[in-house]
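Right, one structure below, let's go through it.
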Amino acid sequence: MPLVAPSLLAANFLRLEDECKMLNESQADWFHLDIMDGLFVPNISFGPMIVKFVRSTTRKYCDVHMMIIEPWKYFKMFKDAGADNLSIHIEACPDLLKNVEEIKSLGMDAGVAISPDTPIESLEKVLPHIHVVCMMSVYPGFGGQEFIPQTMDRIRQLRNMIDQKGLKVKIEIDGGVTEENAASIVAVGSDVLVAGNTVFKSKDPKATIKHLKDS
Ligand code: DX5
Ligand code: ZN
């Protein structure tokens, strides 16, 4: 069974507390929180203040996806806001290993996010040191985009790499996950499904989450 990580980016922010309550009552495993700065990606979302509000509503795992330049400047702020995991983009971090160690030394899990055009081989060195790879299956920046089909081969490749090294790193797929494609994404070796629009635009979000869990 995959872990399901609804992305709050697609939530109704006027009713954020209700949306969090719904997730708490659902089978969702993680809360996925997308941080965007308008520089690393062409969109701006929210920062640590919202993470802190969300944290106050839930005991579930808060998975923070940092789509920002110079993310290391904000590790402590997100720790204080209550993040359980910080995923930083490989494309944004010239000193990735050092940043991963900084995240862990603050008492959080470390993840590395990878954009669709970045080769999977570039993860080789960091893999033994992290908890999760957040593999983008769309170009980061916006919810509601279509799943890029080439991602399937990239998942297989990463799955092999992780298994060959005997590691426990989770593969998290982020972008364009639907009730239709979820099962095939899990079948090639993913562990965590992020879903924004599929969950929050559903007529019955809890049933949709259950359906994703059963993928
Ligand atoms: C995109 C974000 C995703 C996004 C997914 O840059 O990283 O987490 O919220 O949204 P959906 O599931 O709607 O594609
Ligand atoms: Zn994300």
Side-chain angles (χ1 to χ4, degrees), residues 2-13 16 19-20 22-23 26 28-48 50-51 54 60-69 71 74 78 83-93 108-118 130-152 154-155 170-186 190-203 205 208-209 211-213 215:
L3 300 181
V4 173
S7 165
L8 272 302
L9 190 65
N12 180 344
F13 273 67
L16 190 55
E19 301 278 51
C20 292
M22 178 278 289
L23 293 183
S26 79
D29 298 281
W30 294 2
F31 282 33
H32 184 85
L33 295 140
D34 288 304
I35 314 303
M36 304 180 183
D37 64 353
L39 294 166
F40 182 72
V41 289
N43 192 11
I44 299 177
S45 61
F46 52 81
I50 296 287
V51 174
V54 168
K60 294 196 185 194
Y61 189 87
C62 287
D63 170 40
V64 174
H65 178 191
M66 303 181 84
M67 286 164 276
I68 67 177
I69 61 166
Y74 307 95
F78 282 98
D84 294 301
N85 173 76
L86 295 182
S87 286
I88 50 176
H89 267 267
I90 188 167
E91 302 86 8
C93 299
M108 295 176 284
D109 291 333
V112 169
I114 183 164
S115 292
D117 292 336
T118 305
I130 59 176
H131 177 249
V132 64
V133 171
C134 178
M135 190 190 289
M136 297 306 303
S137 37
V138 298
Y139 288 94
F142 299 91
Q145 304 180 71
E146 254 184 59
F147 184 88
I148 300 172
Q150 287 82 351
T151 310
M152 298 302 267
R154 290 167 58 79
I155 302 170
K170 289 184 164 51
I171 303 180
E172 175 181 35
I173 302 303
D174 188 7
V177 174
T178 65
E179 291 184 83
E180 289 71 38
N181 64 18
S184 55
I185 294 169
V186 172
S190 322
D191 306 291
V192 188
L193 299 174
V194 174
N197 280 266
T198 293
V199 166
F200 287 100
K201 304 294 182 264
S202 162
K203 285 208 178 89
T208 298
I209 290 167
H211 192 204
L212 292 172
K213 275 296 291 176
S215 303

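Atoms within each ligand, like the ligands themselves, are counted from 1 in listed order.
Nearest heavy atom pair, residue T208 against residue T198, reads CG2-O, 3.4 Å.
Residue pairs satisfying the salt bridge (Lys or Arg N to Asp or Glu O under 4.0 Å) criterion with at least one member in residues 170-186, sequence neighbours excluded, are absent.
For the residue pair T151/S137, the side-chain donor-acceptor check at 3.5 Å is not satisfied. Between the side chains of S45 and N43, no donor-acceptor pair is found at a separation under 3.5 Å.
By the 30° and 60° cut-offs, the orientation of the rings of F13 relative to F46 is tilted. Using the six-membered ring where Trp is involved, F40 and H89 have ring planes that are tilted, between 30° and 60° apart.
Counting only heavy atoms from C-beta outward, the side chains of P71 and C93 approach each other to under 4.5 Å.
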Practice prompt. Before giving the answer on side chain to side chain contact (heavy atoms under 4.5 Å, CB included), spell out for V64 and M108 the whole-Å C-alpha distance, their side-chain angles and the decisive distance to 0.1 Å.
Written response: CA-CA 11 Å; V64 174; M108 295 176 284; over 6 Å; no
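For the Zn ion (ligand 2), the set of protein N/O/S atoms nearer than 2.8 Å consists of H32 NE2, D34 OD1, H65 ND1, D174 OD2, ordered by chain and number.
Near ligand 1, residues S7, L9, H32, D34, M36, H65, M67, M136, P140, G141, F142, G143, G144, D174, G175, G176, V194, A195, G196, N197 come within 4.0 angstrom through at least one heavy atom.
Scanning for side chain to side chain donor-acceptor pair (under 3.5 Å) contacts around S7 gives D34, with sequence neighbours left out.
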